[in-house]
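Below you'll find the structure, written out as C-alpha cells, and then a few comments.
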Amino acid sequence: MYYLIIWFARKPLFGDLFTVFVIGAGLVSFAAIQRDVFPNVNFDVISVTAIFPGASPEEVEKLIANPLEQDLGEVDGIKKLKSTAIEGRLLILAQLDSDQTTEAKAKADIQEVVDRFQKPDGVDDILVTSLETKQSPIIEVNVVANLSDLELRDLAKKAERRIEALPGVARVVARGLRDREFHVKADPGQLARYRLSLDDLSAALRRQNLSIPAGNIDPRGPEEFERIVRTVGEFAGQADIENTVIRANELGEAIRVRDVAVVEKNLERATILHRTHGERSICLTVLKKEKSDAIKMVEAVKVEIERLKAEYQGRATFNYVNDFSYFIKRRLSILGGNLALGLFIVFGLLALLLPIRVTLLVSIGVPFAFLGAMIIFKLGNQTINLISLMGLIIVSCMLVDYAIVVTDNAVRHMENGLPPEEAAIRGVTEVWAPVTASVLTTIFAFLPMMFMSGIFGKFIWQIPLGVICALGVSLFEAFFILPGHIAKYIRVAKKGSTERKRGGPLGSFLQWTEKVWDERVVPRYIAYLEMALRRRYLVGVAVGLVFFGSLGFAAMKMKFVLFPADGIEIFFARGDAPLGTPIERT
C-alpha cells in the first residue's frame, strides 16, 4: 500500500489523465446506461393457465384444477400451490422454493406434467409461463373519442399497431377492446316458410366457414413443381355470409342466408367496460422490452400519439395513466439535486477554511466517484432504476469525506514545512488505515442487504450495490489520485507567513473565517477533547447509557413498519354484485 501511494504521488500526469478518463467515460456510460423502473427479477412463480369455454367454476375445479393439482404435487421445489377457478378459466400459481430448485428446472418439470395431463374435451392448450419483469408495463394510453363503438375500436387498433411498431415496445395489451363479430338474426317467419330450422342455418354456416388442407400434388415431370392443395372457404366479409347456401334443389334454386336472416356487423359482448373521466374509452397498456430504455420509449410513444391527435383533429383524446417514466425522472432529479447541493455546500464550507485550490481538488471527488460508479454499473450490465437510484442518493453526500481527511492532513504537513510531494505522501499514509476502517463500517452496514433472500431481496440488493461502488471509487480517488494532485497543484505557505494573507473583501472575509477556526473553534475543541480523555470512564458510561436507553425506548415505544403508509397515489374500490348481474348495471 505504501509503495502504491508513493508511485501514484510521483506520477501526477498519470493521475490527471486518469481523472479525465474516468469523468469522460463516466459521462458516456451515464448517457448510455439503460434506465428502467425496476431491475429484471424472476419472481420464482410459475403460472399454469387453462381455458375451458362455457364451463362453470365448479366444472373447471372438478375436471381440471383438482386432478392437475394432484399431478403437480410430484414436482420437487414447489413451496405452495394456489388455484383460482372462474367461469371458463383456470389459473394455478406455483410458488417455488429457490433453495431446492431453479426457475428453469421447475418450469420444465411442470411443463412435463401438463403435457401428460389428460385434459377434457373442449379445453384449449394449457399454458405454462414464468412470472418475471422482463416485459413490464411502462405507460397506459386511454383512447377516448366521441365515435361509435366500431369507430372507437378501429382508432384503438390503429394506435395499437403504431405503438407496437416503435423500437423498444414489446407489445401492447388492450383492455376494453372487443373483437369484431357478424350477428346473423334469423326471421322465424321466413324459416317457417322455407321449412328450415335454426340448426339448418347454423350447420350451413359451419360447413362453409372452413379452411381445410387437402395434401400435395406430385409433379408429373422434372419441369413441374410440387403443389400444395387447400380448400379455402372462410368468410371474408358480410357478403360471403349473406350468400351462403342453406339448401338447393335439383334445378339449382338455392335458399341463402339473406333469404331467412339479417346479417349485421357488430362487436362481441362486452366483458369489461372501461371509462376515463366518465367517458367510454379503451386502455392500451404498453409493455417494454427487457433491454430498452424506459424514458426514451415513453417519449417515443407520446410523439406517436401526438401524431394521431393531429390526424383526428380534436375528435379523439388520449390520456396517459401510470406513466412510470415520471418516477424515474423524478428520482434522477433528486439525485442530481443532491449531488449539486452537496457539492455546493462542501465547496462553500471548505472555501472558508482551506485555500481555493484545496477546495477545488476535494470537490472533484464528487463527480469522480459518481461517474466511476456509473462505469461499474455499465460494465456489470446494471440499470439505473428506482431501486439503484435510492442507493446512489443515500451515498451522494458521503463522497468527499475521505478526500477532506487526506487533503487536510497533507496541508497540515505543508504548513509545517514539508515539500508538497512528501506532504502528500505522509498525508495519505498516516490516515489510510483509519479511513479504510471508516469506509468498511459503512459498507458492512449495507452489505447484509445484498444477501437477503426471497423476492424482496432480489429487488433490494441494488441499494447497497450503489453505495458500495460509489464509496469504493471515492476511496480509490482519495488514496491514489488525490496525492498526485496535492503534490502538483497545492502550495501552502508556512504558518505565520505573510503570504497566507488574501487581498480584497472576499480575501479578508476568508482570512477572518480561517482565523476564527484556528484561534477559537480548534482550541475549544481541543479543550473539550482533553477533558473527555481525562474523564474517559465517565464518558464511556454516559455513552453506554444513551445507547442502551435508546434501544429500550425503540423497543417499547417505536413501531416497526416496513414501508410508511403515506404517499399512496392509487387506490382501488372493489365491490361484489349478485351472481348474474349484467355488466351494464354493475
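The structure presented is a predicted model; accordingly, all values stated were derived computationally and were not measured. The figures that follow rest on heavy atoms only: side chains count, while hydrogens, waters and symmetry mates do not.
- The OG atom of Ser47 sits 8.5 Å away from the NZ atom of Lys107 when rounded to the nearest 0.5 Å.
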- Item | Test side chain to side chain contact (heavy atoms under 4.5 Å, CB included) applied to Gln462 and Met450, step by step | CA-CA 7 Å; Gln462 288 204 345; Met450 295 193 71; over 6 Å; no
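- With Thr407 as the partner, the side chain to side chain contact (heavy atoms under 4.5 Å, CB included) test is satisfied by one option alone out of Val428, Val362, Leu361: Val362.
- Of all the heavy atoms in Glu164 and Val172, the pair that sits closest is OE2-N, 3.2 Å.
- Side chain of Gln382 to backbone of Gly380: a donor-acceptor contact under 3.5 angstrom is found.
- For the residue pair Gln95 / Asp44, no side-chain donor-acceptor distance below 3.5 Å is found, with atom types taken as modelled.
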- Checking salt bridge (charged side-chain N to carboxylate O under 4.0 Å, His left out) for the pair Lys296/Glu299: CA distance, chi angles, key distance, verdict? CA-CA 5 Å; Lys296 291 180 181 178; Glu299 290 174 351; over 6 Å; no
- Step by step, work out the side-chain hydrogen bond (donor to acceptor under 3.5 Å, both in side chains) result for Asp76 and Gln100. CA-CA 7 Å; Asp76 294 331; Gln100 296 185 12; over 6 Å; no
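- In terms of modelled atom types and a separation under 3.5 Å, the side chain of Thr19 and the main chain of Gly15 share a donor-acceptor contact.
- When atom types are taken as modelled, the side chain of Thr101 and the backbone of Ile78 share no donor-acceptor pair closer than 3.5 angstrom.
- Using a 4.0 Å cut-off between charged side-chain N and carboxylate O, Glu519 and Arg524 make no salt bridge.
- Listed by first and then second residue, the side chain to side chain donor-acceptor pair (under 3.5 Å) pairs involving residues 325-342 are Asp323-Ser325 (not counting sequence neighbours).
- Taking the charged nitrogens against the carboxylate oxygens, Glu306 and Lys302 have no contact shorter than 4.0 Å, which rules out a salt bridge.
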- From CA spacing to verdict: salt bridge (charged side-chain N to carboxylate O under 4.0 Å, His left out), Arg10, Glu421: CA-CA 7 Å; Arg10 292 176 178 174; Glu421 185 178 297; 3.1 Å; yes
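- Distance check, rounded to the nearest 0.5 Å: CD1 of Ile463 to CD1 of Ile393 gives 10.0 Å.
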- Task: For the pair Arg426 and Glu422, evaluate salt bridge (charged side-chain N to carboxylate O under 4.0 Å, His left out) and give the outcome as yes or no after the intermediate values.
- Result: CA-CA 6 Å; Arg426 284 199 183 185; Glu422 183 65 24; 3.4 Å; yes
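- Residue Leu475 holds its CG atom at 7.5 Å from OH of Tyr402, rounded to the nearest 0.5 Å.
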- Checking side chain to side chain contact (heavy atoms under 4.5 Å, CB included) for the pair Val169/Val286: CA distance, chi angles, key distance, verdict? CA-CA 7 Å; Val169 176; Val286 183; 3.9 Å; yes
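- Among all heavy-atom pairs drawn from Met374 and Gly26, the shortest one is CB-O, 4.1 Å.
- Rounding to the nearest 0.5 Å gives a distance of 12.5 Å between CD1 of Ile23 and CZ of Phe370.
- Between the side chains of Asp293 and Gln34, not a single donor N or O lies within less than 3.5 Å of an accepting N or O.
- Taking the charged nitrogens against the carboxylate oxygens, Arg412 and Glu415 have no contact shorter than 4.0 Å, which rules out a salt bridge.
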- Could you walk me through whether Phe476 and Phe18 pass the ring-ring contact (aromatic ring centres under 6.0 Å, His included) test, one step at a time? CA-CA 12 Å; Phe476 174 83; Phe18 192 80; 5.8 Å; yes
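- In terms of heavy atoms, Pro483 sits closest to Glu477 at CD-O, 4.5 Å.
- Contact between Gly168 and Met297 at its shortest, heavy atoms only, is O-SD, 3.5 Å.
- At least one donor-acceptor pair closer than 3.5 Å links the side chain of Asn409 to the backbone N or O of Gly427.
- A distance-only check finds no donor-acceptor pair linking the side chain of Ser474 to the backbone of Ala470 [under 3.5 Å].
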- Task: Could you walk me through whether Val301 and Ile138 pass the side chain to side chain contact (heavy atoms under 4.5 Å, CB included) test, one step at a time?
- Result: CA-CA 10 Å; Val301 170; Ile138 296 298; over 6 Å; no
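- Heavy-atom contacts from other residues, nucleotides or ligands closer than 6.0 Å to NZ of Lys309 number more than 12.
- For the atom pair CD1 (Ile163) and CG (Leu287), the distance works out to 11.5 Å, reported to the nearest 0.5 Å.
- With values rounded to the nearest 0.5 angstrom, Arg162 atom CZ is found 13.0 Å from Leu284 atom CG.
- Side-chain contact between Ile443 and Val467 is absent, with no heavy-atom pair separated by less than 4.5 Å.
- No side-chain donor-acceptor contact under 3.5 Å links Ser292 to the backbone of Lys288.
- What you find for Val37 and Phe324 is that their closest heavy atoms are CG2-CB, 3.4 Å.
- Ring pair Phe14/Phe480: centre-to-centre distance not below 6.0 Å.
- Inspection of the Asn142 and His277 side chains reveals no N or O donor paired with an N or O acceptor under 3.5 Å.
- The shortest non-hydrogen separation linking Leu386 to Phe327 is CD2-O, 3.6 Å.
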